[in-house]
Structures are given as structure tokens and as C-alpha cells.
Amino acid sequence: MAMTDSGAAFVEFDRVQKSYDGETLVVKDLNLQIAKGEFVTMLGPSGSGKTTCLMMLAGFETATHGEIRLGGVSINDIPPHKRGIGMVFQSYALFPHMTVGENLSFPLEVRGMGKSEREEKVKRALDMVQMGDFALRRPAQLSGGQQQRIALARALVFEPQVVLMDEPLGALDKQLREHMQFEIKHLHESLGITVVYVTHDQSEALTMSDRVAVFENGRIQQLAPPADLYERPENSFVAQFIGENNKLPGTVVALDGDNSKTEGKIATVKLEDGATCEALAVKCGGPGSKTLVSIRPERVSVSAEPGPNSTTAQVLELIYLGDHIRCRLNVHGNDEFVVKVPNAAGHKHLVVGETTQVTWDAEDARALDPL
Amino acid sequence: MVDATTNPTNTGLTTADGKPLKAALAHAQARSRRRAFLLVLPLLLFIVITFIVPIGQMLKRSVYNDGFTVQRNLTTGEKTPIMVNLAKWFDENPAGTEPDEAAFAALVEDLKQLKELRAAGQAGTRINYELSGSRSLFTQGARKAKKLQPPYKEALLELNPKWNDPKLWQVMRSASSNFTGTFFLAATDRTRDADGNIQSVEENRQIYLKLFWRTLKLSVLITVLTLILAYPIAHLLATLPLRYSNLLMIFVLLPFWTSLLVRTTSWMILLQSQGVLNDAMVAMGLISDGNRIQMMYNQTGTVIAMTHILLPFMVLPLYSVMRPINPSYVRAARSLGATSWTAFRRIYFPQTVPGIAAGGLLVFILAVGYYITPALVGGSDGTLISNLIAFHMQKSLNWSMAAALASLLLGGILILYWLYDRLVGIDNLKLG
Ligand SMILES: Nc1ncnc2c1ncn2[C@@H]1O[C@H](COP(=O)(O)OP(=O)(O)O)[C@@H](O)[C@H]1O
Ligand SMILES: [Mg+2]
């Protein structure tokens, strides 16, 4: 479902910039196309401009520059209540002076819908989130998870084509959060709505989304399906932000153009301790430029097999985690080098203090931009 | 509330050594309760001495006046009963009896005593409250009492025919008992005729009801005006970023930091007919010099100055209710399809009602009892009931009348409070 052709985009940010104070850009040159029915997540650290983007889409903030289109039509000048976009707030924003039923009925009332039709839709929406018996309660009489469901039902009851969610599960405990992730995903699939979701929780982003836009400092660092994001990060920020990564800073000494197996070139990198290693050139300059080699812990194996990236490692710490053992090693002078040794039959038993051999494939080491 | 005494299905739980749980709990808490009580004791005493007792005194004074029954010697503090003979006659003869020779004889006897005690003025004043012109009647009577010869009726009537006024006798009869409802009657512009029937006083002599009505009207008007002015300011205060809202808050509170007199006087400077506002309008040619607008020493002046002075009492409760209202409520309403007006009316406004009610109650109660500003800028038709209470306290020295008026005011406010509790609930009161 990934979008490349802007002609079919349902929601589109076109070179959007936003500044609150006229001095700093909170959103810098945002280009994002979202297809109908897609689930796109904006993921990024706090303060990176995710909420601002959502608010511009909902119409509560105006874009300083650029255009936002919905269904091919510019909505820059359309007030929020005419955009027909459902929104779930982090604080839920359930109206405290109304019952659950009145909360759900509100968007239908302002649209001038008749009473019987309203009641039917409210009932259907409540059943959809398994809250059919709660119509007469006040929001204050509901638990956090229940309020979350009502907020969801209220954003969906008037059948908007796009639903925005700003960290909707942020206030829930872990177990409930995982359960709600599943339910939201399920609703998205059964209703076929377009969802723009904001979170700073990467596992949430990876499990729910069709595509994830990683934000940093008002810029999208990478926009890709979850698997790509994890396995093929395009820059150091994404590599560090998503999952765990081992970092080896160094300098590119040579680029090998004749390597036949991979789409990119294999770079030879001189590391800080003087040794060299080979890595897939993803985002590094030519020979002489600084780079950061990043390797996922599960792609490193503890074995004596010789190879270009084979090196000695000193075991500093072992943490037993059941299905795997997490080893902290000293590799090429980096004390924080982590390797996950699967707890498989006949795996090598390491001892703290011993020196061993580790190795990894050149394609699993990605030479990225220096941080 | 359901407590143990009203709960018939007392489960009778006991502690490990068999004591009833309730008793054990009460015993355990008694010590800390005693200590808490000792801590609040000074405040309690202070309130009792400075608040409860004076209010009780005031309520008593509104129905109790011994000006016609007891004379107090100011130097020795000794109390002497006066008008005893007349009181005895009143006891023996039912109301409405034509005063006979015996009555006049008793009266003369008492007048002689008044002369001795120099209490004629006091007794006369008490009667004067209800029948004007009576004070001089008593002082004259007391002066001449010694020389009067029987038959006393003719002698007194010859001295002053007013002594035969049935109204006078009715008033003296009611004044000879310490407890009386006449002050409350007078405070509501009613009186007793010679036969003791309650009736309204003539239209052109009604002042209290008119003033109560004006006080009510102006207070409601001032409350509404402060609400209209305060609502947007409070909203701005609640939604602006902190550094701006703090500055604005200072402007709102500025009136609190200047003396009430200074503020009132500045309004006088601004609003009087030779004042700044009129001068400016004349200078701009908006009005001619001869047609200066009278904005001071009338109701307009009272309303303008009091609205300004009471504004913070409306802003603060509103602000304290608006501040915690999350802006995402209105945003949610807008995203659900409501226009900004609908979002305000259906979502924002209902959540501010406790603040409106609290501010309204506060401003109204303050306005109803306001004294200094209407006294200074109100002129004759901008004064309020409290100015009349002050008049009776300070000028006419009819404290019973002042107490009756104040009691009526207090009663009205208590009724209002009760209504508020029924409609909004006192627990919802947010005063800032
Ligand atoms: N209403 C506002 N006025 C001024 N600055 C704001 C406002 N809202 C957000 N910002 C600033 O914009 C930046 C991005 O904020 P936001 O979009 O809320 O980030 P995120 O949702 O990713 O945490 C932050 O630095 C924040 O301080
Ligand atoms: Mg945010």
C-alpha cells in the first residue's frame, strides 16, 4: 500500500512548514502522501513536531507555508468543523458534563441528524467498542481504558474518512495498551478508514502501521513500512531510534564497486582503534569521510569463523533472558557492544572476562552518516 | 449520611479483646480530635465574640427595645423601670379601651417620674419612632407634670390635645412591652392603625420597600454587568500563555491594591459634570457645554463605580473555573463538526457555570450590602438600603430600625444562598 504517486494520495502534506514564533521552524519542509485506507504513524521523540502536524491537518493550527490536501482539495482555508476529520486526543477530551451517549450523539446532533437515526448510530458505535451498556454513565465514572474506547467511538461515530490519533494510548498501562493497539488495528481494517497515528512508542508504531514516518526536529527522517525501518534504516538517527544498535565510528578508506551481491557498495571502514571492517555503504561519503557503522545485536554471531569482520571480543557482562542471553562485549574499543546469543541447543557458553571471537556479515553492517 | 445510630442493621464488629469496634475507633481518635479542637479554639472564640454574638445582638435588637420600659443611669449603670403605672393600666384593660381618668392619672404619675429621672427624651424618642412629633409631647408633658391637678385627663388635654390621639395610645401600649414587631413592620413600610390592624403606609411615605427594590434591581444589574465584562477577561486570562496572563492578572487585581476611597474618588473625578469625561466630550464637540451628562450622584454613578470595584470578585471565580478546562474539549467539539459558537455554547459554557454562579453570588451579596461607594457617588437616588441602615445607626440613632433592616437583608441573602445550594450545590462553589 506504500505511496509513491502523489496523484492517488488521499491526505497530502506538500512542502509544509510551521513556525509558532517566527524564529524557529517546528516543522521543516514536510512532504507526506497517505493513501486512502492506509494506517500511517508519525513516530519521533517528544518535541519533534508530530502533534503540530496533526493539528495542522485537523485545522487547529495553520501551516506557515505549503499546502495540505484532503482528497486532492486544499484544506488550508477550511475551518476544522468542516473538514470531517475524526480526532482522538491523548486526554480523550470526553465532555465531562454529558453522558457517554450524549458525547457520542454530539457530532450527529450538530450535523442535524434526526433522533432515531442518532440513537441507532450511537448504539452501533458503542457496540463496536464493546461499551453498549455504558451509554448513561458519565466519563468520570469510567476507567481509563473505557474512556479510551468511548473517545474512539466518538471519533468514528460520524463516519469520517480520516481519523487522527495523538498518542491515544499514552495514559494506559502496558497490558491495556497492547490490547487497545490490537483493537484499533482491527477497527481500522474492518472499517477501511484512513488513520494518521502519533506516538513516541516505537513498538506501537511497528506493530500497528502500514508505514511509519520517523520524525526528528520537524523533519521526516525516514518513511517506510515497519520491516524496512528496522532492517534498512537510512540514517543513524533512525537506526538508533528504532530498536537496538551497536555503533562503531570510523572513516571510509575505500569503496568497492565490484561487489556483485548487494544493491549498494561495500565500504572499507577504518575504525577508531585502527582496525578495519567492511560495511554496506548506505549513507556515507566517499573515501576519507567520517561514518558510523551500525550493526543490530542479533546479526552478530559468536564464532571463530574467519571473515572480513571477524574480531576478538572481551566478555564484560552476561544477562540471562531465557530465550536468549544478552552479552555486553568490548569490540574494537567499544564497551557497549551488545550481542544476543540465542539459547539454542549447543550454543557457546561464555564466561565473563574471557576473550572470544565475534563476526558479522558485511551486509548487516550499515555505514551511515556520523552522528 | 448513614451512621451507626440510624443504621438498624449494625453488624456489631468487635476488636480482638471484645470491645465494640466503633467504641475502640472513637477512643483511638478522641485524642487527635481533642488536639485539633484546641488548635481551632482561638478562631472559634474570635468568631463567636466578633461575629456570632454581634449578629445575635442585632437580631435581638430588631425585635427588642426597652426605651419605654427601662431607664439606664449612664454614670452608675443602674436600671430603673419607667412607665410602670401606665403598663399596669394596659395590662388591666384590653387593647382598644378608651383611655379613662385612671389611665391619664397613671400617665401623669409616670411623667413625673420621667422628669425626676430625666428620661422624658428617651421615652419620647421610643414613641417618636412610630408616631412623629411625640418626643416633644413627652418632654413638654414631663416638664409640666408636677403642676397638673386632677382631673388629669382634662388637664393633660388642655396642655396638649394630642394626648387624646388613639394612635398615640396604641403606640404606647405596644411600646410598654419590650418585644415588638413594629420595627419589622416599619422596615417593610407597614404600620398598625389605632385598632392595631396592620396596614401599608401611604404611597408617598413609603421609603424602605422602594429602597429594597432599588437595591435588588441595581445589585442584579451590577452582577450582570460584571459577568459580561469579566467573562471574556477571565477566558483570556485562562488561555493566554503564563507570562502574558500574569501581567493581565496584575491589571485585574490592581483595584485590590488601591484604597476603596481612592478608587471611588477617581470615579468622581472622571464622571462628575465638570469631570474629565464630560470635559473631553465637550472638547470633542460631542455634547454642548450646557448639556453635560449627569453621570455622578445618581444611579448611573453607583452602577459604574460599583461594577468596577466588584469586577475582580467576578473575574477570580470565573478564572479558577476556566483555567483547568482543557482546550482540547473545544477542539474535540470543533473536530466533531461544531461551529465555534456551538462549541462555546454546548461545551465550554456549561463547564463554566459553577464559576458564574459563584461569582454571581459573591458580587450580588457584596453589592446588596455595599455602603461606601453609593454613599459617595449615589446622590439621592443612587443610595442603597445599607446607606439607610447607616443613617439609622448614626443619624437617627434608631438602632432597632437599623437592626430590622439589616435582619431583612440578612434573611434575603440566606434565602438566596439556600436557593443557590438547591440549584447549583454549595460543593460546586469555586471562589478562586
Ligand atoms: N502552541 C504552541 N506555541 C508555541 N510553541 C509550540 C506550541 N505547540 C508546540 N510548540 C513547540 O513546537 C515543538 C513541537 O511540538 P509538538 O508538535 O507538540 O511535538 P510532539 O508532539 O512531537 O511532542 C516543541 O518544541 C514545542 O515547544
Ligand atoms: Mg505531542
Problem - Under 4.5 Å from any heavy atom of chain B - which part of A/Arg83 - result: neither
Exercise for the section: Flag the pair B/His308 / B/Ile304 as yes when at least one side-chain heavy-atom distance between them is below 4.5 Å, and no otherwise. Expected result: no
Problem - salt_bridge(A/Lys123, A/Asp127) N-O dist < 4.0 Å - result: yes
Practice task
Would you mind checking which part of A/Phe89 comes under 4.5 Å of any heavy atom in chain B, side chain (CB onward), backbone (N, CA, C, O), both or neither?
Solution key: side chain
Handout entry: Residues B/Tyr370 and B/Thr302: side-chain donor-acceptor under 3.5 angstrom
Key = no
Completion exercise
Greatest number of non-hydrogen atom pairs under 4.5 angstrom with chain A, of B/Pro350, B/Ser340, B/Ala332, B/Ala343, falls to B/Ala332
Practice task
For chain B, find which of A/Arg154, A/Met98, A/Met87 contributes the most heavy-atom pairs closer than 4.5 angstrom.
Solution key: A/Arg154
Problem - Within the 6.0 Å centroid threshold, strictly below: B/Tyr319 and B/His235 - result: no
Completion exercise
Bottom line for A/Gln90: the part with an atom under 4.5 Å from chain B's heavy atoms is neither
Exercise for the section: Tell me whether the centres of the aromatic rings in A/Tyr197 and A/Phe39 are closer together than 6.0 Å. Expected result: yes
Handout entry: Under 4.5 Å from a heavy atom of chain A, the part of B/Ala333 involved
Key = both
Problem - Which atoms of A/Leu164 approach chain B - backbone, side chain, both or neither, heavy atom under 4.5 Å - result: neither
Problem - A/Arg69 side chain to A/Val73 backbone, donor-acceptor under 3.5 Å - result: no
